Student: 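Quick one: the structure is below, and I'll ask about it shortly.
None of the values given here were measured: they were computed from a predicted structure.
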Amino acid sequence: MTVLRAKILLVVVAALISFVFLTRPLPAPPPLFESRLMMDTIISITAYPPVTKEQVDAAFAEFTRVESMASFHLDGSELSELNRNGRLAANALLKPLLQIAVAYYAKTDGYFDVSFASLQNAYGFYSGEGRLPAEEELAGLLRDRCGLDKVLQQNDEEFRLASGSLLDLGGIAGGYAIEKAARVLRESGCGGFLIDDAGDIWVDGSKPDGSAWRIAVRDPRDNGTLALVETRAPLAISTSGDYERFITVDGKRYGHIMNPLSGRPVDYYSSVTIIASEPVAADALSTAVFAMPPEIAFKWVEDRNLAALFLTSTGTIHLSSAGRQYFSQVKTQ
Amino acid sequence: MNDNVPPLFAGKHDWQILLALLAVSLLAWAGHNYSSRGGFSGACRVRILTEPSQEMLFSGSQAQPVEVRGRTGPAVIEWGSDKKIRIRSSSCPCKTCVNMGWTDSSSLICVPNGIVVEPIVDDGQQVDAVTR
C-alpha cells in the first residue's frame, strides 16, 4: 500500500467513524410534565420548549375555571345553580357550553344528551349505590326529564330547565377545557404540547426531535394496546368505554352511557375511539356513537367521514374507512 | 495524464478493508440506535398527586409488593412473575384501579387516591399518552 492510499484510507475511516457518532440522535430537551387532580379526574400536560412553568399553570387554570362553572358536584357552580333552581342567567359563563351541548344533541340525533343525568341519577351513578329503575320510572324520566330539546329552553334573559331535570356536562366539559388550555399554550408560543384529560387527548405543535406524537388506544381486555395513532398534525382523540364508570347490581355491571330510546345502559361496545379536529367534537362524538347500536353507528360514522375504532362487547374490532389513515397496528381480534 | 501516479484503491486488499470498515460502521450505527430497546422489565413510575406531588421509581426487580400512601390512604402495588404490575389494593371507595388488573403497558390510575402507576417500557416504542 502506498503512502497516498494509506492516507486516504485514514480519511475514509475517520469519515465513517464521524458518521456513526454525528448521526446519533441528539437528546431532545425534556418537556415540562405535570399532572393534577381536577374535574374529578387526572389531567396531565406535557409541554415542550419554549414554555415556562407559569404558562403551564395558566393552562391548568383553564380547567379550574371550567370546573368552577360546569361541575355537576360543586354546589357553587353555575351548572349546579341551573340544576337546583331550574334557571340561569342567559349571560352566564356557562352559556357557550350549554349551546355546544344543544348543538351536539342535534348533530347526533339525540344520542349525545346531557339531560341523561336524570337517568344516571335514577340508576345511582352519582350516589354510588347502583339500582335498576322499573320500566314505568324509566318511561316517566324519558318523557318528562330527558331530551335536551324539550327540557332546556333559552330566551333573552335566561336558560330554563324543566322541573326535576338534571344536566351533566361531563361529556363535553373536559374537551371544552382542553380547547381553552390549548389556546393558552399555543398563544404563549409553546413549541409542542399534549393535554390528557383522563384519556381525552389533544396534541398540538411538534416535538423538538421532530418525531410523531404516539397515542396508544387501550385495550380494556388486557390493558394492552388496541391500536396506535401516530401524528405530527394537531388532533383530538377520545375514547368512551364501559369499564371505568359503572354500577354493579346483582353481580352485573352497567355502564353509564344510556340508550336514548329505552333509557337503559348500552352494552354494544367495550370501547369506541373517535379522532376529530377539535377536543369537544371527539369528546361528544365518542359518547354519542357509543350509545348507538352497531347497525346505526357504523353507517353513521361512514356518512360523516369520522375516524372511529370500535371494540364491540363480543370482541369484534371495527375500523371506519376514515380511521384507516389514523389508526395503525390495530389488533385483529 | 501522468502514468507514474498509482491508481487509488486498485489493490484487492484495499477494497476488502474498505468493505470491512463499512460493515463495522453500519453495525455500530445500528447498535447506537437499537441497543437500548429492552422491552418491559417491570420498572414503573408511581406518581402521587398530593400537595406537593411525589414521584417514585421502582425497578421491578423487587419481589415484594410495595405500599404507597395516596390521598385517601394506602395502596399496594404488586409485581407478577411475568413482571406485569397491578394495584392489588387501594383505600379508594370504587376499586376501579384494582379492577383494572395486570398491565405491562397502560397506566393504572386511581383517581380518588391520586395515584398513577406508569409502566416504563424501554423498547423505543414509548407512547406519549393512552386514550382509554
Student: Can you establish whether the number of heavy atoms outside A/K252 located under 6.0 Å from its atom NZ is more than 12?
Tutor: no

Student: When heavy-atom pairs shorter than 4.5 Å are enumerated against chain B, which of A/A198, A/P220, A/G128 gives the highest number?
Tutor: A/A198

Student: Please identify each residue that fulfils salt bridge (Lys or Arg N to Asp or Glu O under 4.0 Å) with B/R88, with sequence neighbours left out.
Tutor: B/E78

Student: Short question: side chain of B/T131, backbone of A/G199 - any donor-acceptor pair under 3.5 Å?
Tutor: yes

Student: Heavy-atom distance under 4.5 Å to chain B: side chain of A/S35, backbone, both or neither?
Tutor: both

Student: Among residues at least two apart in sequence or on other chains, which ones pass salt bridge (Lys or Arg N to Asp or Glu O under 4.0 Å) with A/D219?
Tutor: A/R221, A/K331

Student: So for atom OH, which belongs to A/Y254, do other residues, nucleotides or ligands contribute more than 12 heavy atoms lying within a distance under 6.0 Å?
Tutor: yes

Student: Does any N or O in the side chain of B/D128 come within less than 3.5 Å of the main-chain N or O of A/R214, such that one atom is a donor and the other an acceptor?
Tutor: yes

Student: Taking A/N223 for its side chain and B/D104 for its backbone only, find out whether a donor-acceptor pair lies under 3.5 Å.
Tutor: no

Student: Side chain from CB out, backbone as N, CA, C, O: work out which of these in A/I201 comes under 4.5 Å of a heavy atom of chain B, or both, or neither.
Tutor: side chain

Student: Chain B heavy atoms under 4.5 Å from A/A212: which part of the residue, side chain, backbone, both or neither?
Tutor: backbone

Student: Taking all non-hydrogen atoms of both residues into account, name the closest pair between A/I42 and B/I109 and its distance.
Tutor: CD1-CG2, 3.2 Å

Student: Is chain B contacted by the side chain of A/T273, its backbone, both, or neither, given a heavy-atom distance below 4.5 Å?
Tutor: side chain

Student: Report which part of A/S238 has an atom under 4.5 Å of a heavy atom belonging to chain B: side chain, backbone, both, or neither.
Tutor: backbone

Student: Which atoms of A/L37 are under 4.5 Å from chain B, going by heavy atoms: the side chain, the backbone, both sets, or neither?
Tutor: both

Student: Using the side-chain contact (heavy atoms from CB on, under 4.5 Å) definition, which of the options A/I215, A/L228, A/V229 pairs with B/V127?
Tutor: A/L228

Student: Nearest 0.5 angstrom please: B/S53 OG to A/E34 CD, how far?
Tutor: 6.5 Å

Student: Any chance you could measure B/R47, atom CZ, to A/F33, atom CZ, to the nearest 0.5 Å?
Tutor: 3.5 Å

Student: Does the side-chain contact (heavy atoms from CB on, under 4.5 Å) test come out yes or no for B/V130 and A/R218, once each step is laid out?
Tutor: CA-CA 6 Å; B/V130 178; A/R218 178 182 167 227; 3.7 Å; yes

